[in-house]
2 protein chains.
Amino acid sequence: MEGNGFTDCANPQADFLKEILNREGFRLTSQRQKILALFSGDPLAHHLSAEEIHQRLADQGEKISISTVYRALHVMVNLGLLQELELAEDRKYYELLGPIMDQHHHLVCVHCGEVTEFEDPRITAVSDRETQAWGFTRLNAQFTVYGICPHCQGHLVAP
Amino acid sequence: MEGNGFTDCANPQADFLKEILNREGFRLTSQRQKILALFSGDPLAHHLSAEEIHQRLADQGEKISISTVYRALHVMVNLGLLQELELAEDRKYYELLGPIMDQHHHLVCVHCGEVTEFEDPRITAVSDRETQAWGFTRLNAQFTVYGICPHCQGHLVAP
DNA sequence: GGGGTTAGCGAAAATGATTTTCAATAGCTG
DNA sequence: CAGCTATTGAAAATCATTTTCGCTAACCCC
Ligand SMILES: [Mn+2]
Ligand SMILES: [Mn+2]
Ligand SMILES: [Zn+2]
Ligand SMILES: [Zn+2]
């Protein structure tokens, strides 16, 4: 009577995703749309783990299996839509990649986990130079600097 | 009758390690010495995973518990003796860090796992600049470029 | 628009690297 | 050497991620 909200209607975001998926033999599913929408919907909430994505979707009433979340993330990383990040120790984080978000890197506080982003053309220059020098096909590069943030520096000294 | 081969005798490597460990309240143990010796012993075999370390030690007759290997790795990373690397998807790799091995970075083939090392002063310059700009205490930085090596590029086309 | 083909989904079980538990042992300090 | 406690080994526990499998829904073609 009202559909799933994703059936054919003219949705630019969906058309874009369908185009990219179908080109590689993948299918456009409502689950994949919802996950991608989560990233593009809230620019402040990038750096999401699979579990966080699952939880946020659940909070907004979208029940998607956690295994589907993992599968969708892998597909999108392979398609170059998302980037996988190794910020914390245990889980992996994902963020929007490509034309939307410029290439950038991360400064992580190993104490509280705070993440700061930065850009520097030198990083791109170096990764280009090295991939060419060794004859590699460049996929992506990740530059992560670990340290202790100003706030945590105070909370660490003396007993 | 012959000791464990590590008791007090004048071993420069051991003295160095003991110094660093004791300074932080840690103890010099034969297990820690053996693990560190594995890295400094064979410069060709850096980039070792916990399991590989455990196996190599077993091969040379040193039975060390896998949990001890993990614990020793963490201690040494915190002391700045080793660096933890995220090269492959699943496990973590470790390599000697500090005065012995210059700061360097990695180019990884996502297809066969081949790892190439390279250096570039610009990377260090950027990480210094960013940590200072944000008031962080710099611990370490990791720059990893992912791509497909020349060899694998041939094996990927057509059915 | 419907039918056949097959990618993708959910739920639950499996996997596997890493961590924790706990009693026994071994560094270190005085 | 004695006492204190960090460290170890072995086994169990964690827990993020993956796999299995029967079922559903995209996509392609007429
Ligand atoms: Mn980011
Ligand atoms: Mn290296
Ligand atoms: Zn912090
Ligand atoms: Zn390769």
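Convention: sequence-line order gives letters A, B, ...; per-chain numbering from 1.
Separating the CD atom of Gln33(B) from the C1' atom of dT8(D) is a distance of 15 Å, rounded to the nearest angstrom. Atom CD1 in Ile35(B) sits about 12 Å away from atom C1' in dT7(D), given to the nearest Å. When the P atom of dT19(C) is taken as reference, atom CG of Asp90(A) falls 9 Å away, rounded to whole Å. If you measure from atom CZ of Arg32(A) to atom P of dA25(D), you get 15 Å, rounded to the nearest angstrom. Atom CG in Leu28(B) sits roughly 20 Å away from atom P in dT5(D) (whole-Å rounding). The nearest whole Å value for the distance from the NE2 atom in His54(B) to the C1' atom in dT18(C) is 13 Å. Straight-line distance from the CG atom of Leu57(B) to the C1' atom of dT8(D): 15 Å, rounded to whole Å. Here the P atom of nucleotide dA26(C) and the CD1 atom of Ile64(B) are 14 Å apart, to the nearest Å.
Using a 4.5 Å cut-off on side-chain heavy atoms (C-beta onward), Leu73(A) and Ile53(A) make contact.
In this structure, Ile66(B) reaches neither bases nor backbone, as no heavy-atom distance under 4.0 Å exists between it and the strands shown.
Side-chain polar atoms of His47(A) and Glu95(A) form a donor-acceptor pair below 3.5 angstrom. His46(B) and Glu117(B) share a donor-acceptor pair across their side chains, judged by distance under 3.5 Å alone. In the model, Gln132(A) has no side-chain atom that pairs as donor or acceptor with a side-chain atom of Asp128(A) under 3.5 Å.
In this model, the phosphate group of dG9(D) is approached by a side-chain N or O of Gln31(B) to a distance below 4.0 Å at OP1 or OP2. Under 4.0 angstrom from either OP1 or OP2 of dT8(D) there lies at least one side-chain N or O belonging to Thr29(B). At the phosphate of dC28(C), OP1 or OP2 sits under 4.0 Å from a side-chain N or O atom of Lys18(B). Contact check, Asn22(A) against dA26(D): no side-chain N or O comes under 4.0 Å of OP1 or OP2. Between dC15(D) and Arg91(A), no contact under 4.0 Å exists linking OP1 or OP2 to a side-chain N or O.
Using modelled atom types, one side-chain atom of His54(B) and one backbone atom of Ile64(B) make a donor-acceptor pair closer than 3.5 Å.
Nearest-nucleotide mapping onto DNA chain C: of Lys92(B) and Arg27(B), the residue sitting toward the 5' end is Lys92(B).
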- Where do Glu52(A) and Arg56(A) land on the salt bridge (charged side-chain N to carboxylate O under 4.0 Å, His left out) test, with the steps shown first? CA-CA 6 Å; Glu52(A) 284 168 355; Arg56(A) 291 203 182 201; 5.9 Å; no
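A salt bridge does not link Arg122(A) with Asp120(B): every distance from a Lys NZ or Arg NE/NH1/NH2 to an Asp or Glu carboxylate oxygen is 4.0 Å or more.
Of all the residues in residues 68-75 of chain A, Tyr70(A), Arg71(A), His74(A) reach under 4.0 Å from DNA chain D with at least one non-hydrogen atom.
Closest to the side chain of Ser67(B), from the set dT8(D), dT20(C), dC9(C), is dT20(C).
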